[in-house]
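Report on the structure given below.
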Amino acid sequence: MAQEHTARPPEAAEDWTIRQDWASYTPAEHAMWDRLFERQARMLPDRVVPEFIAGLDVLRMTKPGIPDFEELSERLMKATGWQVVAVPGLVPDKVFFEHLANRRFVAGRFIRTPDQIDYLQEPDVFHDVFGHVPLLAHPVFADYMQAYGEGGLRADGLGAIERLARIYWYTVEFGLIRQESGLRLYGAGIVSSFGESVFALDDPSPNRLGFDLRRLMRTRYRIDDYQQSYFVIDSFEDLLRQTIETDFAPLYAELDGQPDLDVDTVLPTDRVHTLGTQAYAREKHATA
Ligand code: HBI
Ligand code: FE
């Protein structure tokens, strides 16, 4: 993960929020949003879960330019009681969870520059807002995000943040969902990435495995390239139910005795949607 802020910058409030200062975006910054938006909007309709497109619509995110968080929050508040607040970059885990538990999504206010169009380390406003916010208009997904924040606050006291971060990574950021029409994207890290939106569904390289909470919590992840395994949920309802019904404290203790799993491991117990060739990863990360 990108470098986290260690000290709260002076312009940030106690809870690390800053003003978005929407009026200060330049035409070039709005144009960058439009360019990214159009590229994704063209490709996503047959790939992303339909609830994502519905979210773009209800939140009026289809209008040009970087969204104004106040306006966006007003619409989101009516839909599911969530808000979007600006932060200076990555915030400490506890601050992050505290916001989610209170139905506030923290978003970067800056936008990538043209030389960073396909890769950047810190989440910018396009990743955070285009990637994450549409599904927050979906009642069940919205509840899942809050439950995740509450779970994070409890995990923080149990020294289990890394386990919980893996769940976030393989669901909220890089999750796939099974629908009648086939596999669809819902993870924000995928839907905000031009390359990964194709790779995650179509490339023969990665594994696509059935979602299993315990299994996810043992699985390492890569932050520097496309994922080598994606996990497929059956529905948002099922994801929420499993998260709410699981008593995590004993689970953390149990998992402490088990080895971590590598990014490309396939277990005999996995429900395999696709057994990946790992050709992309092997070529890209060859160390021999
Ligand atoms: N801060 N702004 C921001 N955005 C994140 O997604 C984020 C964060 N801080 C911590 C964090 N994510 C993760 O470590 C959690 O998923 C555990
Ligand atoms: Fe994200």
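One is the number of the first residue; the rest follow in order along the sequence. All ligand and atom numbering here is 1-based and tracks the order in the structure.
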Original post:
What do you reckon, does Glu173 have a nitrogen or oxygen under 3.5 Å from a nitrogen or oxygen of ligand 1?
Top reply: no

Original post:
Can you find an N or O of Gly89 that's nearer than 3.5 Å to an N or O of ligand 1?
Top reply: yes

Original post:
At a 4.0 Å threshold, what atoms of ligand 1 neighbour a non-hydrogen atom of Leu90?
Top reply: 1 (N), 2 (N), 3 (C), 4 (N), 5 (C), 7 (C), 8 (C)

Original post:
Does Glu173 bring an N, O or S atom to under 2.8 Å of the Fe ion (ligand 2)?
Top reply: yes

Original post:
Are the side chain of Asn102 and the backbone N or O of Arg104 linked by a donor-acceptor pair below 3.5 Å?
Top reply: no

Subject >> Within 6.0 Å of CD in Glu14, more than 12 heavy atoms from elsewhere >> reply: no

Original post:
Do Arg75 side-chain atoms and Ala79 backbone N/O form a donor-acceptor pair below 3.5 Å?
Top reply: no

**OP:** Test Phe174 against Tyr170 for ring pair (Phe, Tyr, Trp, His ring centres under 6.0 Å), laying out the working first.
**Re:** CA-CA 5 Å; Phe174 292 98; Tyr170 283 120; 7.8 Å; no

Original post:
Under the side-chain hydrogen bond (donor to acceptor under 3.5 Å, both in side chains) criterion, do His273 and Arg208 qualify, and how do the steps go?
Top reply: CA-CA 5 Å; His273 290 266; Arg208 297 177 186 89; over 6 Å; no

**OP:** Identify, by atom number and element, the atoms of ligand 1 in contact range of Val87, meaning under 4.0 Å from any of its heavy atoms.
**Re:** 2 (N)

**OP:** Measure the shortest side-chain to side-chain distance between Leu261 and Arg215 over non-hydrogen atoms and say whether it is less than 4.5 angstrom.
**Re:** yes

Original post:
Do any N/O atoms on Val91 end up under 3.5 angstrom from N/O atoms on ligand 1?
Top reply: yes

Subject >> Residue portion contacting ligand 1 (non-hydrogen atoms closer than 4.0 Å) for Phe97 >> reply: side chain

Original post:
Out of Tyr168, Phe96, Phe105, who gets a non-hydrogen atom closest to atom 15 (C) of ligand 1?
Top reply: Phe96

Original post:
Out of the N/O/S atoms in His127, what is the name of the one closest to the Fe ion (ligand 2)?
Top reply: NE2

